[in-house]
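Note that this is a predicted model, so its numbers are computed, not measured. Chain letters run A, B, ... following the sequence lines, proteins first and then strands; every chain starts at 1. Only heavy atoms go into these numbers, but all of them, side chains included; no hydrogens, no water, no symmetry mates.
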Amino acid sequence: MERFLYSLLTNAASSNLGAITQQTHSLLLTTGHLIRSIRLFNTLLRSYSLGGSPQKAFSLYNQLQSLYCFHSSSSSSLQLPSFDSFSYTFLINAATHASSLPIGTQFQGRGIKAGFHSHVYVQTAALNMYAAAGVWSDALQVFDEMPDRNSVSWNVLITGLVRWGELEYARSLFDEMPEKNVVTWTGMIDGHVRIGRFGEGLSLFQRMVCCENMKPSEITILALMPAVSGLKDMRVCRLVHCYAEKRGLIAFDIRVANSVIDTYAKCGCIESASRFFEDLMERKNLVSWTTIITGLAMHGFGEEAVERFDRMEKAGWKPNRVTFLSVFNACSHGGLVDQGLKFLEKMVNEYQILPDIKHYGCLVDMLARLGRLEEAENLALGIPTEIANVVVWRTLLGACSFHDNVEMAERVTRKIMEMERGYGGDYVLMHNIFVGAGRFGDAEKFRKLMHQRNAIKLPGQSAI
DNA sequence: CTAGGGTTAG
């Protein structure tokens with residue numbers, strides 16, 4: 001029985017099935033297993049923590065804790081198992097997932113009282129919590145006071161620093177770390193890539209593979225690929241692709257395959273992206289389709305993108321909001337306005353997806369860039385105020401400038417000013433529109449207004 | 001038991 005429940009919970013955690021976890025919880029309560037086996041209790045904690053309901057982990061703890069209080073005050077003969085290192089590890093993890101530092105700190109304290117001051121797993125969980133929250137004073141205190149650290153302890157700190165952009169600090173720890181593993185190297189690559197130091201990210205990858213003889217994982221490739229895209233180097237793209245292929249990472253993880261599609265497209269070779277995409281055959285998933293549509297859109301191949309969308313639907317895939325955004329973008333860049341509007345109808349009516357601000361932005365751009373300004377303006381006016389933003393109106397203002405519609409430009413600028421007054425580019429654009437229309441007095445007014453309001457000018461934008 | 005980024009407007 002215990003073994004069965006255990007495997008049920010382990011599966012529930014890995015496949016994210018909150019309902020199973022919950023049902024097993026009730027079952028354990030009624031059968032009394034929960035208060036007899038700390039192992040089952042811990043597994044349940046872990047399931048809640050991983051399954052996105054950390055609050056339930058806390059209440060489960062509270063339930064058992066109050067049982068303890070009750071039993072210690074009465075002279076019951078029932079022997080209750082006590083919390084162990086696993087319990088505190090999972091409870092602190094639940095607090096990390098709930099982004100609740102106060103609760104986590106409490107569990108850390110209780111873990112220490114229970115004698116786990118020097119326990120690697122418990123303390124690493126605490127370290128992870130502080131690192132995830134970017135509270136470096138506490139993170140470093142835990143790290144410094146750990147009598148034994150393992151590679152996970154180091155990696156938690158390094159990857160935490162990386163996520164918060166503290167690359168210099170991460171780097172010094174990296175150099176100091178005795179035995180780096182694939183997670184360490186991946187973390188450092190990721191750290192360089194995410195702040196745009198693509199060349200250094202790539203060098204680290206080279207060092208990792210060639211000098212250190214370390215085997216990159218699928219995550220390493222996923223972390224590296226944006227660097228390849230950033231460098232726009234087809235040679236490197238092919239090299240990394242071949243390497244991933246040879247190491248079996250593409251067959252192993254569809255995410256790697258999808259990032260290869262994306263990177264070929266971003267390196268400027270939509271043909272390679274498309275060929276690789278087609279070669280995936282039946283392994284393609286929704287993200288693969290979305291990625292190739294995005295790539296085709298980037299390269300202005302509207303018709304081809306639409307063709308992929310249709311094929312995708314025929315293959316039985318249900319497009320999501322990202323897929324629709326991609327195809328709108330393709331229609332926008334390919335000048336396929338009426339197709340785009342049909343896709344909007346399909347999204348809302350057939351798939352019951354409400355457009356979000358990015359969808360609106362894309363569609364407004366699509367209409368506006370072909371000069372269908374009234375339709376674009378009406379669409380923009382129909383955006384629910386909760387999600388409206390200045391970017392959409394700015395797009396429209398750009399189109400008004402391009403198509404010399406001064407009256408609409410004035411209306412649009414008024415809208416923009418209701419939302420944001422401190423962006424210099426808007427004043428510059430409106431000024432230039434007035435100049436183009438020969439309305440020099442109005443242009444001058446805008447120039448003055450910009451200085452009055454001390455609006456920030458953009459780099460690369462003329463300062464009137 | 002503890003660590004690591006698939007696609008997303010202008």
Quick check: [Y] with [X] (ring centres under 6.0 Å apart)?
{"X": "A:Trp289", "Y": "A:Phe277", "value": "yes"}
{"X": "A:His359", "Y": "A:Phe324", "value": "no"}
{"X": "A:Phe107", "Y": "A:Phe90", "value": "no"}

d([atom1], [X]; [atom2], [N]) in whole Å:
{"X": "A:Asp356", "N": "B:dT8", "atom1": "CG", "atom2": "C1'", "answer": "9 Å"}
{"X": "A:Asn320", "N": "B:dT8", "atom1": "CG", "atom2": "C1'", "answer": "9 Å"}
{"X": "A:Met347", "N": "B:dA9", "atom1": "CE", "atom2": "P", "answer": "14 Å"}
{"X": "A:Asn389", "N": "B:dA9", "atom1": "CG", "atom2": "P", "answer": "13 Å"}
{"X": "A:Tyr360", "N": "B:dT8", "atom1": "OH", "atom2": "P", "answer": "22 Å"}
{"X": "A:Phe328", "N": "B:dT8", "atom1": "CZ", "atom2": "C1'", "answer": "13 Å"}
{"X": "A:Lys215", "N": "B:dG4", "atom1": "NZ", "atom2": "C1'", "answer": "19 Å"}
{"X": "A:Asn93", "N": "B:dT2", "atom1": "CG", "atom2": "P", "answer": "7 Å"}

Looking only at side-chain atoms of [X], point me to the closest of [options].
{"X": "A:Val183", "options": "B:dC1, B:dA3, B:dT8", "answer": "B:dA3"}
{"X": "A:Val287", "options": "B:dG4, B:dT7, B:dT2", "answer": "B:dT7"}
{"X": "A:Cys362", "options": "B:dA9, B:dC1, B:dA3", "answer": "B:dA9"}
{"X": "A:Lys266", "options": "B:dT8, B:dC1, B:dA3", "answer": "B:dT8"}
{"X": "A:Asp365", "options": "B:dT8, B:dA9, B:dG10", "answer": "B:dG10"}
{"X": "A:Thr89", "options": "B:dG10, B:dT2, B:dT8", "answer": "B:dT2"}
{"X": "A:Asp262", "options": "B:dA3, B:dC1, B:dT7", "answer": "B:dT7"}
{"X": "A:Pro226", "options": "B:dG4, B:dT8, B:dG5", "answer": "B:dG5"}
{"X": "A:Lys358", "options": "B:dG4, B:dT8, B:dC1", "answer": "B:dT8"}
{"X": "A:Leu325", "options": "B:dG4, B:dT2, B:dT8", "answer": "B:dT8"}

Identify whether any heavy atom of [X] sits under 4.0 Å from a base atom; if not, whether one sits that close to sugar-phosphate; answer base, sugar-phosphate or nothing.
{"X": "A:Ile293", "value": "nothing"}
{"X": "A:Ser217", "value": "base"}
{"X": "A:Asn181", "value": "base"}
{"X": "A:Val162", "value": "nothing"}
{"X": "A:Val156", "value": "sugar-phosphate"}
{"X": "A:Ser259", "value": "nothing"}
{"X": "A:Val120", "value": "nothing"}
{"X": "A:Ile254", "value": "base"}
{"X": "A:Asn150", "value": "base"}

Can you tell me if [X] touches the phosphate of [N], counting only side-chain N or O atoms and a distance under 4.0 Å to OP1 or OP2?
{"X": "A:Arg46", "N": "B:dT2", "answer": "yes"}
{"X": "A:Lys180", "N": "B:dA3", "answer": "no"}
{"X": "A:Asn329", "N": "B:dG10", "answer": "yes"}
{"X": "A:Arg194", "N": "B:dG5", "answer": "yes"}
{"X": "A:Arg149", "N": "B:dT2", "answer": "no"}
{"X": "A:His333", "N": "B:dG10", "answer": "yes"}

Looking at A:Thr290 and B:dG6, is any side-chain donor or acceptor paired with a base atom of the opposite kind under 3.5 Å?
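Answer no: no donor N or O sits under 3.5 Å from an acceptor.
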Look at the side chain of A:Asn285 against the base of B:dG6 and say whether a donor-acceptor pair falls under 3.5 Å; ignore hydrogens and angles.
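Donor-acceptor pair under 3.5 Å: yes.
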Polar contact flag, side-chain donor to acceptor under 3.5 angstrom, [X]-[Y]:
{"X": "A:Arg308", "Y": "A:Ser274", "value": "yes"}
{"X": "A:Ser217", "Y": "A:Thr220", "value": "yes"}
{"X": "A:His241", "Y": "A:Tyr264", "value": "yes"}

Steps toward side chain to side chain contact (heavy atoms under 4.5 Å, CB included) verdict (A:Phe143, A:Tyr130):
CA-CA 10 Å; A:Phe143 186 74; A:Tyr130 294 120; over 6 Å; no
Classify the angle between the aromatic ring planes of A:Phe116 and A:Tyr88 as parallel (below 30°), tilted (30 to 60°) or perpendicular (above 60°).
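A:Phe116 vs A:Tyr88 ring planes: tilted.
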